[in-house]
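Everything below concerns the one structure shown next.
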Protein chains: 2
Amino acid sequence: MSSKRTATTGSAHVRERRQQRQRDILHAALRAFRENGYHATTLDDIAGHLGVRKTALYHYFPDKEAILYECHRESLNEIRRVMKEAMKLETATERLGYVIREHVRVITGNLDGSPLALEVPALSTERQAEIIATRDRYERDLRKLIEQGVKSGEFREVDSKIAAFVILGAINWIARWYRPEGALHARELGTEFADHLLGGLACR
Amino acid sequence: MSSKRTATTGSAHVRERRQQRQRDILHAALRAFRENGYHATTLDDIAGHLGVRKTALYHYFPDKEAILYECHRESLNEIRRVMKEAMKLETATERLGYVIREHVRVITGNLDGSPLALEVPALSTERQAEIIATRDRYERDLRKLIEQGVKSGEFREVDSKIAAFVILGAINWIARWYRPEGALHARELGTEFADHLLGGLACR
DNA sequence: ACCCTGTTTGAACGGGCGTTCAAAATTCTA
DNA sequence: TAGAATTTTGAACGCCCGTTCAAACAGGGT
């Protein structure tokens, strides 16, 4: 009694291909969302990038909002994984540097996208609440990380709230101007941003 | 032979009231755009905030896009005025501090809005070109300002392009989380951001 | 009180776009 | 190659929203 939506039936190979197709769709959608915004992006736009009609998308996602939702989930999961990984490092400086570099990587990466840069209000109320809750957890972790650095004497005394907003803003804003074909490349960007933003916290 | 649109006719008092009404509309639109984005905002939304039907708006603006366009123009003019004003100051540190504080003020202010934070791609091609050109001029000025600071020895050696993006991103991102009713107030925000972002440039 | 100008309204139109669905095309399985 | 499962398609529906327009309304000057 599985619904059409979940589609638990089918062989392993088929399921695998289906997942790959879903990833393709998310990828195309993410790119379009980032460039034109959610509302300005039509399903035809997304489907067109895949050489397919928009109705084909409905075999993989129930509606347009679900695509945006998955983009958010994907990105947020990645970014929270980064935060967890960072905690294995020793000093606050190392941890924050790692988070910044990886966050930049996620933003500029193709598959995962611009997590906080996407339009949240377009989601339904419940989904919005979930995404915001996850995002807030990440932001809280980031603030804590900064406060640790202040306590340990690595950073100067700053308002962790503002410091976190500065860092998040600088990074998320990348989604607005970054183009893969551009002069600035992703890898260097991460270290440069880390340098710069850590510099703003260093003791003088 | 004046067109309906320009409406050069009418007494001084009438013209004044009209301009005030236009400002009211821009104000309401700006708030709605910032909260929900351009495409998700309907003319009914904007008109509703003014206790009026959407058709009334057409007496002041030819179409929806024109409202967004005016929002952009208003904000960009303000921000470029700030840059000009900053040039009267002596050191690069003073200048940059002034620009940051004032840019934050413009972003958090009610009347003027979030200039670079608004959705540019929604504009028609020609208007888009104009807005982007003006914005680029501002960004170039900002980069030059940073380079001056590097040359004078006030700032450490940084890539002015990246430094400018960090600053712009941090500030423009404010539009995404700032709420006038919130705990963080506009005036302090400006100085805190200036402290923080200048700290990122200071020699160590 | 009356007109003239400026302002607002309600009704209606038209297009765009998300969505549905049955049928065609493609791919897998045996 | 036959049949079954999966994927894609084209046509059509319906809603939302920007836009138009003629008509109603307001209000200030004479």
Side-chain angles (χ1 to χ4, degrees), chain A residues 2-25 28-29 32-33 36-70 119 121-124 127, chain B residues 1-25 28-29 32-33 36-71 119 121-124 127:
Chain A
S2 64
S3 77
K4 250 189 277 178
R5 193 149 294 166
T6 18
T8 55
T9 53
S11 67
H13 178 246
V14 169
R15 240 176 318 169
E16 194 180 321
R17 191 181 49 185
R18 180 188 176 86
Q19 285 178 9
Q20 181 54 46
R21 203 89 177 109
Q22 284 186 334
R23 253 183 300 249
D24 289 344
I25 295 174
F33 290 162
N36 300 328
Y38 173 74
H39 289 286
T41 301
T42 73
L43 291 179
D44 277 322
D45 289 339
I46 301 172
H49 275 292
L50 301 167
V52 100
R53 304 290 165 198
K54 63 179 170 183
T55 43
L57 304 180
Y58 283 86
H59 241 257
Y60 303 94
F61 297 94
D63 53 25
K64 187 186 178 189
E65 194 209 303
I67 299 179
L68 178 62
Y69 175 68
E70 276 312 314
E119 309 172 44
L123 293 169
S124 71
R127 283 172 168 173
Chain B
M1 178 100 358
S2 64
S3 78
K4 254 188 274 180
R5 192 150 292 165
T6 18
T8 54
T9 53
S11 68
H13 178 250
V14 169
R15 240 176 316 170
E16 195 178 321
R17 190 180 51 185
R18 180 189 176 85
Q19 285 180 7
Q20 180 55 46
R21 202 90 178 109
Q22 285 188 335
R23 254 184 300 253
D24 290 343
I25 294 174
F33 290 161
N36 301 328
Y38 173 74
H39 290 287
T41 302
T42 72
L43 290 179
D44 277 322
D45 289 338
I46 300 172
H49 275 294
L50 300 168
V52 100
R53 304 290 165 197
K54 64 178 169 182
T55 42
L57 303 180
Y58 283 86
H59 241 257
Y60 302 94
F61 296 94
D63 53 25
K64 188 186 178 189
E65 194 209 303
I67 299 179
L68 178 63
Y69 176 67
E70 275 311 314
C71 287
E119 308 171 46
L123 292 169
S124 70
R127 282 173 169 172

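These numbers come from a predicted model, not from an experiment.
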Any side-chain N or O of [X] under 4.0 Å from OP1/OP2 of [N]?
| X | N | answer |
| --- | --- | --- |
| R18(A) | dT6(D) | no |
| R21(A) | dT7(D) | no |
| Y60(A) | dT8(D) | yes |

Mind calculating the distance between [atom1] ([X]) and [atom2] ([N]) to the nearest angstrom?
| X | N | atom1 | atom2 | value |
| --- | --- | --- | --- | --- |
| Y58(B) | dG10(C) | OH | P | 16 Å |
| L57(A) | dT19(C) | CG | P | 11 Å |
| N36(A) | dC17(C) | CG | P | 12 Å |
| F61(A) | dT7(D) | CZ | P | 13 Å |
| R15(B) | dT5(C) | CZ | P | 15 Å |
| H59(A) | dT19(C) | NE2 | P | 16 Å |
| D63(A) | dC17(C) | CG | C1' | 14 Å |
| D45(B) | dG18(D) | CG | P | 8 Å |

Rounded to the nearest 0.5 angstrom, the CG-CG distance for L123(A) and L68(A) is 4.5 Å

Residues in side chain to side chain donor-acceptor pair (under 3.5 Å) with D24(A), at least two apart? Q20(A)

Once each nucleotide of nucleotides 21-30 of chain C is scored for protein heavy atoms under 4.0 Å, what B/S/- sequence comes out, 5' to 3'? B-----SSS-

Flag the pair Q22(A) / F61(A) as yes when at least one side-chain heavy-atom distance between them is below 4.5 Å, and no otherwise. yes

Which pairs, protein N/O on one side and nucleotides 14-17 of chain D N/O on the other, fall under 3.5 Å?
none

With sequence neighbours left out, what residues match T55(A) under side chain to side chain contact (heavy atoms under 4.5 Å, CB included)? R53(A)

Please identify each residue that fulfils side chain to side chain contact (heavy atoms under 4.5 Å, CB included) with A47(A), with sequence neighbours left out. V52(A), K54(A), L57(A)

Of all heavy-atom pairs between H39(A) and A122(A), which one has the smallest distance, and what is that distance? NE2-CB, 3.8 Å

Non-hydrogen atoms of A40(B) and N36(B) that approach each other most closely: CB-O, 3.1 Å

Going by the side chain to side chain donor-acceptor pair (under 3.5 Å) test, which pairs reach into residues 59-71 of chain B, not counting sequence neighbours? E65(B)-S124(B), E65(B)-R127(B), Y69(B)-E130(B)

